[in-house]
Amino acid sequence: MNIIVQKFGGTSVANEKNRKEVVDRIIEKIKTGYKVVAVVSAMGRKGDPYSTDSLINLVDEKHTQKRELDLLMSCGEIISATILSNLMSTAGYSNTVLTGYQAGIITDNNFGDADVIEVIPNKILEMLKKEDIVIVSGFQGATKDGEITTLGRGGSDTSALIIGEAIESECVEIYTDVEGVMTADPKIVPNAQLIKKICYSEVHQLVEEGAGVIHPKAVEVAKRCNIKVIVKNITNNSTGTIIGPPNDIVKDNLNPIDNIITAITYKKNRTQITVYLDNNDEHLKELLDLIANNKISIDLINLLTERKVFTVDEKNVPIIENILQAKGYKYKIIKNCSKISIIGHKINGLPGVMARIIGALLSVNVSILQSSDSHTTIWCLVREEDTEKALNALHNEFY
Ligand code: ADP
Ligand code: MG
């Protein structure tokens, strides 16, 4: 049995025109001899009647248990799966709808951001013997006890990949509202270009650093089982991006743009903390332990003799301030920062990259609050209001 998993994101099922495209994509595969597992997200984005955000807005979140919130949120994907089922039936293709629970997706009990423990694909496989199409509600699963859980924002990508892994799908197609994985978010950088092929680790780095095009956990699963992922646009016939193992990428050399930078991305809501600490490593260790014990992750860490600088997510600032005040340390806080990540395995050891970054940012009057680098990434902290300017200037410099 040749099975393929196709995942259709929020915009792909948002309106009648796109849902028609979804039906066509499924039929295309059936006609070439595949059985299809279609994984769907809730319809549309914020403001649309049945989107995840609209469902959450039906209740007062502060007075809703996480368990009940997951029950409510899981409805969005059940609605879209049922509507797609109806459209497929109308087009003459019999099919079955399964919720995440019915599809055998077993998770831990971390409501709102559950991790998948295992997938028991028996039911999906059983159904595929009888029908060509099984439609699964993405973004959700259930604990061993049958408590409904959700997998965190963007979790339908994870649903698609773990199902793909469990049923040994030939590849997983992810349909979305952009051409594929691009050199920057095309909604912010209009000149962004399509990356035709990218390896698991590089795309993982990109999505971990903020590019929301596919969920990091989905990339981890793809890497684990070596499954090919294709990200493409629902509204046109572009080839999209192939995500695969590194050898394949080099072999095919599909990317016409031979650039030293693979992509540029960003994360907002960062806060820079500077602590003026005496040059005593015992004190530093104690401070870092206190931060870690509060489950706060820090990054862009610069440890200089007279001051220690790092960044945290904005939501952690009150706890950090409490810690610093309790210790009586002098400190400075700069809120509303953006961490820009310039990613590319070719930058390793290449002279002049940092100079080009500084030059590009200087030309648009963006000052760098802090920077750091690894073999494959250069990070620059800038003010949040400068994000768009900085991304476009850097993109122009390198592409
Ligand atoms: P879906 O609902 O289909 O899952 P998402 O909104 O989760 O769609 O993901 C697609 C979005 O990811 C795009 O609309 C784009 O704005 C954003 N994005 C951010 N960075 C990138 C990038 N480097 N390449 C492509 N898209 C990106
Ligand atoms: Mg998504």
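Each ligand, and each atom within it, is numbered from 1 in the order the structure gives.
Under a hydrophobic-cluster definition in which Ile, Leu, Val, Met, Phe, Trp and Tyr are linked whenever side-chain heavy atoms come within less than 4.5 Å, directly or via other members, Tyr101 and Ile162 are assigned to different clusters.
None of Val134, Val36, Leu125 except one satisfies the side chain to side chain contact (heavy atoms under 4.5 Å, CB included) rule with Ile3; the exception is Leu125. Under the side-chain hydrogen bond (donor to acceptor under 3.5 Å, both in side chains) test applied with Thr150, the options Thr107, Asn110, Thr52, Asp70 reduce to a single match, Asp70.
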Expected list for residues 6-14: side-chain donor-acceptor pairs under 3.5 angstrom, two or more places apart:
unit_1: Gln6; atom_1: NE2; unit_2: Arg25; atom_2: O; d: 3.4
unit_1: Gln6; atom_1: NE2; unit_2: Glu173; atom_2: OE1; d: 2.9
unit_1: Lys7; atom_1: NZ; unit_2: Asp157; atom_2: OD1; d: 2.8
unit_1: Ser12; atom_1: OG; unit_2: Tyr175; atom_2: O; d: 3.4

| query | Where do His204 and Tyr200 land on the ring-ring contact (aromatic ring centres under 6.0 Å, His included) test, with the steps shown first? | reply | CA-CA 6 Å; His204 190 253; Tyr200 299 122; over 10 Å; no

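Of all heavy-atom pairs spanning Asn259 and Tyr399, the tightest one is ND2-CD2, 3.2 Å.
Under 4.0 Å from any atom of ligand 1, one finds heavy atoms of residues Lys7, Gly9, Gly10, Arg45, Tyr175, Thr176, Asp177, Val178, Gly180, Val181, Met182, Ala184, Asp185, Pro186, Lys187, Ala211, Gly212, Val213.
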